[in-house]
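Order of listing sets the numbers, starting from 1, for every ligand and every atom in it. Residue indices begin at 1 and follow the sequence shown. Here the structure is a predicted model, which means the values were calculated and not measured.
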Amino acid sequence: MTSLPRLSPATLATLSAGGLDPAVRPLAALDRDAAPGIVHLGIGAFHRAHQAVFTEQAATLTGDDRWGIVGVTQRSASVRDQLLPQAGLYGVLELSDAGSRLDLIGAVRDVLFPAEDTARVLECVAAASTHIVSLTVTEKGYRRAPGGGPDLADAALAFDLEVLAKEIDGSTADASVPSRSAIGLLLRALTRRWRGDAQPITVVVCDNLLDNGPTVERLVYAILEVSPAAGAVEFAQWLRASVAFPATMVDRIVPATTDAHRATAQQLLGASDAGLVVAEPFTQWVIEDRFTGPHPAWEDAGATFTDHVAPYEHAKLRILNGTHSMLAYAGALRGHALIADAVADPELHALARTQIDDDAIPSLGERGEIDLEAYRESVLERFANGAIGHTTVQIAMDGSQKVPIRFLATARDRLDAGHVPHAMARAVAAWMLYVRACAQGELVVAGAPVVLDDPLASLLADAAAGPVGGLAGRMLAVREVFPAALAEDDRWRHAVSAAVRDVAALVATASAVNSAAVSS
Ligand code: CS2
């Protein structure tokens, strides 16, 4: 790649003077020095291609420059090091078979890394100009135990609870001690705000959790119930009065950025962009209209505000994410590197439709205004978008966190309604076989061996190891994923055992590369 200037306000000014490619959407003309109004925990690719874009467009339409974003990374400083040299500027490369477009985003004003900047994060959340703390920290980022409460055995959370107790009781001795979990950092930051001017604030959870806002709200109060802090009750009272946790449904397919994507963006822009993210054209955001203070005009940018998010959220988690995960596991096992190839595979396409029609849609009590059949078609069409290069292995990560939300909730509802969810059993079977193949080093996709990427990887590998016969029983015994009530339901056990045989046979008919995965 020839060395091009790096994206920055100065580079952009020069390029704009020379005329930007029509496929490049320029920045909103806003005062980027205005005090930021949003602190976002988890400034990964999804946030940058979703909420930050809605925020940029709302600012463009209203000229309201109160909504700059302070991004907070979690596990590494890499995003900070990508964006800060570019003054927070980056592009969103939108790809479809119809072509490409590049949206330039200026909403991000600063990026902090808690391991080095925890004190700054706390200051930013306590600032009077900040009205919103939002999060995309993935399912595992909330450190929850299988039942949904805080996972007190989690070392990072346990550490943070100790520091939090001191913070609640007014000791700032550990003010610069880095938080080790997102939920720990969130609570410390809210404590700092309470101890400061105690202005109301809204926490906007943008992760694929069931009933995400209220779920995190319950988690916050459950953590305070076990906190040794003398002031925990008083702090909880302030939270109840001053902090809202609206539910949201977030939707945009955002694959990992590759060098090929960067090359495409450079061609369009004429500059290199280390913070580039990639997305499909489709985007949706449904937000419960429950805020304690102001928010950007996200509705002007196309977000839906409603009192009732549940129908949207359930449809999305069960129809889109449920099928996405099934195609990821079964697709990888059949040698498909990309979701677009998996959904084009006639066997898997049929499985996807059956899963949606036989289990997901019937499990959705209330439809709201959503035409679920049309939604099914749009989802399958979006999966077929080969231009974005979304990989099966990327979606397959963190199965122990995703399977309960994307497969088991549907299965539970079907069983409670008296139906045996055979399609969900096949999805679960595909995950079990995927775990086994990875754990035994037998899965190769696009020439690369696949390693199990999951917070419970070693526990799962131990359970999956061994012959395919008995795999269902061994995996159903993993209580961190399968609650006893479901795992001991004979209808479900039989369905999963049969599904493991069926999916193993389906995988065996695929290319020679994978037949080895189920040879023993
Ligand atoms: C995907 C989601 O990686 C995954 O788990 O299923 O990130 C999915 O692309 C988004 O939820 C779409 O909105």
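When hydrogens are left out, the protein atom nearest atom 2 (C) of ligand 1 is Asn321 ND2, 3.7 Å; that is the closest non-hydrogen contact. Atom 13 (O) of ligand 1 has as its closest protein heavy atom Asp251 OD1, 2.6 Å. Among protein heavy atoms, atom 9 (O) of ligand 1 sits closest to His324 CE1, 3.3 Å. The nearest heavy-atom contact from the protein to atom 11 (O) of ligand 1 is Lys316 NZ, 2.7 Å. With respect to atom 4 (C) of ligand 1, the closest heavy atom belonging to the protein is Lys402 NZ, 3.5 Å.
Protein non-hydrogen atoms do not reach within 4.0 Å of atom 7 (O) of ligand 1.
Looking at Trp285, Trp67, Phe305 one by one, the single match for ring pair (Phe, Tyr, Trp, His ring centres under 6.0 Å) with Phe54 turns out to be Trp285.
We find that Asp359 and Arg426 are not joined by a salt bridge, their nearest charged nitrogen and carboxylate oxygen being 4.0 Å or further apart.
Counting heavy atoms from C-beta on, the side chains of Val53 and Thr283 never come closer than 4.5 Å.
For a threshold of 3.5 Å applied to N or O pairs, the pair formed by His390 and ligand 1 contains no separation below that value. Checking only distances, Arg382 never comes within under 3.5 Å of ligand 1, N or O to N or O.
Counting heavy atoms under 4.0 Å from ligand 1, residue Met397 does not touch it at all. The side chain of Arg406, and not its backbone, has at least one atom closer than 4.0 Å to an atom of ligand 1 (non-hydrogen atoms only; side chain from C-beta on). With a 4.0 Å cut-off on non-hydrogen atoms, Val254 does not touch ligand 1 at all.
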Step-by-step salt bridge (charged side-chain N to carboxylate O under 4.0 Å, His left out) determination, Glu139 to Arg406: CA-CA 12 Å; Glu139 295 86 346; Arg406 298 178 184 203; 3.7 Å; yes

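Remark: Asp502 pairs with no residue by the salt bridge (Lys or Arg N to Asp or Glu O under 4.0 Å) rule, at least two apart or across chains. For Ser96, the side-chain contact (heavy atoms from CB on, under 4.5 Å) test picks out Ala98, Pro281, Asn385, with sequence neighbours left out.
Note on ring orientation: taking the six-membered ring where Trp is involved, the planes of Phe482 and Trp431 are tilted (angle from 30° to 60°).
Judged by the 6.0 Å distance and 45° axis criteria, Arg80 is not positioned over the aromatic ring of Phe113.
Shown in contact with Arg252 at under 4.0 Å from a heavy atom are these atoms of ligand 1, numbered in order with element: 10 (C), 12 (C), 13 (O).
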